[in-house]
Amino acid sequence: MNLEGLEMIAVLVVIVLFVKVLEQFGLIEAGLEDTVEDEMEMATVRHRPEALELLEAQSKFTKKELQILYRGFKNECPSGVVNEDTFKEIYSQFFPQGDSTTYAHFLFNAFDTDHNGSVSFEDFVMGLSILLRGTVQEKLNWAFNLYDINKDGYITKEEMLDIMKAIYDMMGKCTYPVLKEDAPRQHVETFFQKMDKNKDGVVTIDEFIESCQKDENIMRSMQLFENVI
């Protein structure tokens, strides 16, 4: 496995695993009818989500889909929020041969948009809406936010290296028998040579989006996950 075309691996891993998470939580299911009970549950949960109509307007999910998502979310998270430990537990189940702790931490921070230490149903829905049904621009914006660990509007080599090391650790060394120990750093150098247009040592969101949109492999990979649910 070489390093070419891996710039979006973090986002693709996110999407694939969140489909698995949905399945585990029982969120991907069919045939649930809209009921008055669903409406009451939406209104009485301890951490009450925004009005269903508002979430429907803000996301790319229908009212019925939101009710299905909420039912599963509430069953697994009665308090109405998910903490970082839950993210780590989920990812450790999918990658028992690796260490997913660091990557789960970065992913949790990307979903925790208000940085209050928890992911609410609204946070979950909006992130999922982008990953599964967002436009290319929206997905790339989300990916940039994941890489931009300190949220200063730039991706540095150090930040990209931290993400890549976290991904390799999560997958486990046995997954990459042909790669050397310095493979993550090699990837980062390739990434910056390609995306850092003005060679100032950081990648802006404009540089990131422009480079990704010109990469056929990245665009093709992102299209595979359109309308998963």
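Computed from a predicted model, the values in this text were never measured in an experiment.
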**Request:** I would like to know whether Gln137 and Thr135 meet side chain to side chain donor-acceptor pair (under 3.5 Å); could you show each step before the answer?
**Result:** CA-CA 5 Å; Gln137 181 85 15; Thr135 64; over 6 Å; no

**Prompt:** Does a side-chain heavy-atom distance below 4.5 Å link Asp148 with Glu159?
**Reply:** yes

**Request:** Tell me, with the steps shown, if Glu56 and Lys64 meet salt bridge (Lys or Arg N to Asp or Glu O under 4.0 Å).
**Result:** CA-CA 9 Å; Glu56 184 179 1; Lys64 183 174 182 178; over 6 Å; no

**Request:** State, with a plain yes or no, whether a side-chain heavy atom of Ile155 is found less than 4.5 Å away from one of Phe208.
**Result:** yes

**Prompt:** Which residues pass the salt bridge (Lys or Arg N to Asp or Glu O under 4.0 Å) test with Glu158, sequence neighbours left out?
**Reply:** none

**Message:** With a 6.0 Å cut-off (strictly less than), is the heavy-atom count around CZ of Phe192, excluding the residue itself, greater than 12?
**Reply:** yes

**Prompt:** Distance from Phe124 atom CZ to Leu69 atom CG, nearest 0.5 Å?
**Reply:** 6.5 Å

**Message:** Given 3.5 Å as the limit, does a donor-acceptor pair link the side chain of Asp112 with the main chain of Asn109, or not?
**Reply:** no

**Message:** Are Phe111 and Trp142 packed together at the side-chain level, in the sense that at least one heavy-atom pair is separated by less than 4.5 angstrom?
**Reply:** yes

**Residue pair Thr86 / Val119, side-chain heavy-atom distance below 4.5 Å** = no

**Request:** List the steps and the verdict of salt bridge (Lys or Arg N to Asp or Glu O under 4.0 Å) for Arg133 and Glu138.
**Result:** CA-CA 9 Å; Arg133 296 186 178 174; Glu138 289 171 335; over 6 Å; no

**Request:** Any chance you could lay out the side chain to side chain donor-acceptor pair (under 3.5 Å) test for Thr204 and Asp206, step after step, and finish with the verdict?
**Result:** CA-CA 5 Å; Thr204 66; Asp206 290 337; 5.2 Å; no

**Prompt:** Can you tell if the side chain of Leu161 reaches within under 4.5 Å of the side chain of Ile163, non-hydrogen atoms only?
**Reply:** no

**Request:** Determine, using the 4.5 Å side-chain heavy-atom cutoff (strictly less than), whether Met160 and Ile149 are members of one ILVMFWY cluster.
**Result:** yes

**Prompt:** Would a 4.5 Å heavy-atom cut-off, applied to side chains only, mark Asp169 and Ser100 as touching?
**Reply:** no

**Message:** List the residues meeting salt bridge (Lys or Arg N to Asp or Glu O under 4.0 Å) with Lys197, not counting sequence neighbours, and say none if there are none.
**Reply:** none

**Message:** Checking the side chain of Gln58 only, and the main-chain atoms of Leu55 only, is there a donor and an acceptor separated by less than 3.5 Å?
**Reply:** no

**Prompt:** With Glu84, which residues qualify under salt bridge (Lys or Arg N to Asp or Glu O under 4.0 Å), at least two apart?
**Reply:** Lys88

**Message:** Is the shortest side-chain heavy-atom distance between Tyr147 and Phe106 below 4.5 Å?
**Reply:** no

